[in-house]
J.: 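Have a look at this one before I ask anything.
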Amino acid sequence: MSATEVASQLRDFTQRLIEQTGGIIDWPADQPRGTALVPEDIASSLGQRGESFPVALSGLDAGLSVDLGGEFLDAAARTLATFVPAHGVFALPSLPVKKSSFQSVVDQAFGWQNARCSVLQGVVTPIVYHTWWFHVTLRSEDIWETLAEVTVNCDGRTCCSLDGLLDAMDLQPVSGVARAPDTTLEIAASHVQQRALLAARPFLNRMEQRLERDRQRLRQYYRALSREAAAPNRRVKTAPCPEQLAARQRAVTLELQRKLAELEERYAFDGVVRPAALAEFRVPGLAIDVRIQRKAATRTFRLFWNGIQKRLEPLRCSRCGQGAYNLWFTNDEVEPICIPCHDA
Amino acid sequence: MDVVQLTPEVAAYRTPGGIPVRFRLEDRGFCSSQGQATRDQLALHLTLGRLQLLRGFDRLLCLEGVNGVEHLPHQIETVRKVLRRFRGRVLLADEVGLGKTIEACLLLREYLLRGLARRILILVPNPLVTQWRDELEGKFGLDFKIPPRTATSSRPEFWQSTDRVLVSTSFARTGSRPAAIAAAPWDIVVVDEAHHCKNPQTKLWQLVNSLQRRYMFLLTATPVQNNLVELYNLLTLLEPGHLQTAQDFKRQFVRRGNPRDPRNRHRLRALLGEVMIRNTRSLVQIDLPPRYAQTIVAVPGPDERQLHDAVHRYLRQRTPPDAATSPRHCAPCEEDAACEEDVPRERGLSRLQIRSILAALGSHPTAVADSLEKISAADPEAARLRQLAARITHSAKDERLLELLRDSHGHRVLIFVHSLRTLHRVEDLLTDAGFRFATFSGEQSRAEKDAAVERFRDEVPILLCTDAGGEGHNLQFADTLINYDLPWNPMRIEQRIGRLHRYGQTQDVFVFNLCTENSLESRILALLNDKIRMFELVVGEIGSILGNLDDGDEFESVVLRMWMKAGDERQLAEAFTSLGDALLDAQSQYLESKELDDALFGEDFE
Ligand SMILES: [Zn+2]
């Protein structure tokens, strides 16, 4: 991204930030600096003394200096967290939902392995989703970060690949009670961690290689030191006494261990998952109740068919929590397990 | 229910290679939120998230939001290299004057902004502590805590709980402090004048070696003082094993009897290139025009001489008898109140008071009157002196200054003064004499300062500055510097000169130092000028010389102590002679190692 693109994004963001927090901003596109007028608490959250202050991309003595390197993004984050809600509820109203033979739809979508499935009923109903956006950071000797989006079916408690709902054309705000965020936060966070580990693979590899190189270097160095400690001193012509030798060797070994432990500590990945926003979506769909039978045990599950992807969503594996279409069941209970969990 | 309970507050994984990955979930109050956000509000949060990611893009953050520091291309390149190639462990061995300190400060800022570092420890020789603090705070907005000279600093808790510490090496390595410092984990450790860590038997080397740190920057212009093994010892602090064991290293690279000519030079150079950066003047093509300095001694009239003698007599009477002999170093410390030498005793003056009156005497009689103001209320003798000083409106230096200015016709002249009081005096003087000038002082707003520099560039031939003068502005179009008075600390003198004699200067630079005959300043000038020829040194060299006085105090403390200890002018002269000898030693030590390093690393060391 070029410097001008960054500058225009920063400028655009600043304008929206001021406006969304109840202020007004006058910053014509062709002007290097502008002026903002905001409520007092917003001004102080942005680190400004008065309600009115200049804004510019650079070269300000006093006022809001809009850049990537200074305090600006931290002040903006603080202000957004305090004054701008990050959790909204929306509905997608107009999706055609067809009713047809549920049994064949279910049988086409799922492989039940060692169990039998029969459809009890299907009803047209809005399905509720939570889309979470997380800022994910992995810190080791270097840093890796991303902004990730995860959508969880609130009732099915599975993650599904329903991204980009916020951009849907006919999205409508919904007033009223939202589902509690903590019903899906952990599922989403756990999912995003695993996705981050996959996406950061090249970064993790690079750190692993570095660590290995550093370990090797230390080991060789201390091995050589310890060899030197054992060798007789050519000048003195007398071999060191065994106790001295052992003490010297011990010291070298201890030092190596200390340095290696330090190295491990330095390279250990410290991951942080921080929610950036949450949207609840109500999407027209079908809820299909099925009964699963396995030997003497039976249990009912609710399956979801959403009008956007026009297909059934997976069930949640009782071991790993991942969604799965091919399921085994435990011996005594009707607990769905995905194939990898079953094989393991 | 078919739910697996996960505990993502702290979830632990391992990479295929076995490095642990721990995840923390920072909830930030989401779980109590109500869900009333609009689409635009959510989009705003997401834009912020994307902008935060841009920090990680291929750009240096340290350059943004820093006002008033010029960054030379080689400094920026160095920051990039350290970040990418050197992974934060490097020996910065630039030749003197190329801005190692600035490179280190830029690096600190970059690491802080990227969230790669929080806890930073900076170790520097005592004489350079103030300089570092000014640089960090003034130019980079980084505040560092200097440990108090009290028992607090021996407790591990102090080091654990303070995230940014600037400490002198001599203070850090004594008493039980090394263990306390080593017990705390650091993200970055910076060691300035790191050649003092050349010997593993010393406490300093052992202290640095024992520190738990992620990144380390070692700074020195002269990594090798006597022989190559010193370089080995330095680099082993940085990356143990990189140069294998000392025996291996000697076997491969050291040629007996000739430290200048290592064996396997190419291989050594390649190895060093992985842990060391040395920018040289010729490499970065900074060649400054010559600089000429002249001392102008003003002979005081009877009034001024009388004032001078009376003030000295008065201060000697008021110097507490044990103040000068106190063995304790008076280095910069934050808790001045804890420094008992600075507390005035009965009928005596504190060190700070004595120092400020002496400095005023070296500046202008008006400044003396000013500095005596508070004391006069309780001390009739001080009140009498104050009257005497206030009567003298013209100093002998005034006439010499006007002469100089008349002779400098056609040049752009920067005049430096120590205090605001003197600044206003000189303003009157110049106005009365009909000179056109602009004024630049620490009390002005940024806009006023900008305007002053602009006037100086476009309209008037003279800029009158206090010490803070001109930082952050290009003044290289000027070619003449007049020190109306003289800071006692050579580092400050060098800062003044550095305003003009720097990258971008194309003309010869002239420095004039004004002083009054037989004053303390005239002695300091003689010392710096005649002994170590300071005014001919490259900018930066004086720091290397003072840095070699590792155990020494800040220069002004040394001068003050000498004055307080000396009973009369003869004793004072002797003290200055021995200080001069110490400086000469420090200088030849520096020059010898510089020569050796030039021979070793050549001009083309990458
Ligand atoms: Zn599973």
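Reminder, nothing fancy here: chain letters follow the sequence lines and each chain counts from 1. None of the values given here were measured: they were computed from a predicted structure.
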J.: Where do A/L68 and B/L51 come nearest, in terms of heavy atoms and distance?
T.: CD2-O, 3.8 Å

J.: For the pair A/L147 and B/Q52, evaluate side chain to side chain contact (heavy atoms under 4.5 Å, CB included) and give the outcome as yes or no after the intermediate values.
T.: CA-CA 9 Å; A/L147 187 69; B/Q52 283 168 331; over 6 Å; no

J.: Using every non-hydrogen atom in the two residues, find where B/V21 and A/L197 come nearest and quote the distance to one decimal.
T.: CG1-CD2, 4.0 Å

J.: Check whether any side-chain heavy atom of B/Y13 sits under 4.5 Å from a side-chain heavy atom of A/Q193, and report yes or no.
T.: yes

J.: Check the pair B/E26, A/V272 against side chain to side chain contact (heavy atoms under 4.5 Å, CB included), reporting the backbone distance first and the verdict last.
T.: CA-CA 7 Å; B/E26 283 182 10; A/V272 177; 3.6 Å; yes

J.: Let me know if B/R213 has heavy atoms under 4.5 Å from chain A in its side chain, its backbone, both or neither.
T.: both

J.: Do other residues, nucleotides or ligands put more than 12 heavy atoms under 6.0 Å from A/E265 CD?
T.: no

J.: Please say which of A/R217, A/R213, A/K259 ends up in a salt bridge (charged side-chain N to carboxylate O under 4.0 Å, His left out) with B/E239.
T.: A/R217

J.: Any side-chain heavy atom of B/L42 within less than 4.5 Å of one from A/F90?
T.: yes

J.: Checking the side chain of A/E208 only, and the main-chain atoms of B/G17 only, is there a donor and an acceptor separated by less than 3.5 Å?
T.: yes

J.: Taking all non-hydrogen atoms of both residues, which atom of B/D27 and which atom of A/P275 are closest, and how far apart?
T.: O-CG, 3.9 Å

J.: Only counting residues at least two apart or in another chain, list the ones meeting side chain to side chain donor-acceptor pair (under 3.5 Å) with A/T137.
T.: none

J.: Considering only heavy atoms and a distance below 4.5 Å, find which of B/L116, B/D187, B/L46, B/D40 pairs most often with chain A.
T.: B/L46

J.: Taking B/Q36, B/H242, B/Q41, B/R14 one by one, which has the highest count of heavy-atom pairs under 4.5 Å against chain A?
T.: B/Q41

J.: Against chain A, label B/P16 side chain, backbone, both or neither, depending on which of its atoms sit under 4.5 Å from a heavy atom there.
T.: both

J.: Which residues pass the ring-ring contact (aromatic ring centres under 6.0 Å, His included) test with A/F134, sequence neighbours left out?
T.: A/W132

J.: Is any side-chain heavy atom of B/F23 less than 4.5 Å from a side-chain heavy atom of A/V136?
T.: yes

J.: Picking from A/D12, A/D74, A/L263, which has the most non-hydrogen pairs under 4.5 angstrom with chain B?
T.: A/D74

J.: Taking all heavy atoms of B/L53 and all of A/H135, pick out the closest pair and write down the distance.
T.: CD2-NE2, 4.0 Å

J.: Taking B/R87 first and then A/D142, would you say they form a salt bridge - that is, a charged N and a carboxylate O separated by under 4.0 Å?
T.: no

J.: Answer yes or no: are there more than 12 heavy-atom neighbours, outside A/E71 itself, under 6.0 Å from its atom CD?
T.: no

J.: With chain B, which of A/I143, A/L166, A/T146, A/D182 has the greatest number of heavy-atom pairs at distances under 4.5 Å?
T.: A/L166

J.: With a 4.5 angstrom heavy-atom cut-off, is it the side chain or the backbone of B/D248 that approaches chain A, or both, or neither?
T.: both

J.: Whether the side chain of B/H45 engages the backbone of A/A77 through a donor-acceptor N/O pair (distance < 3.5 Å, no angle test) should be reported.
T.: no

J.: Minimum heavy-atom separation for A/R258 and B/N209, please, with both atom names.
T.: NH2-O, 3.5 Å

J.: What part of B/Q244 gets within 4.5 angstrom of chain A, counting heavy atoms only: side chain, backbone, both, or neither?
T.: backbone

J.: Would you call A/E141 and B/R214 a salt bridge, using N to O less than 4.0 angstrom?
T.: no

J.: Using every non-hydrogen atom in the two residues, find where B/I19 and A/A268 come nearest and quote the distance to one decimal.
T.: CG2-CA, 3.8 Å

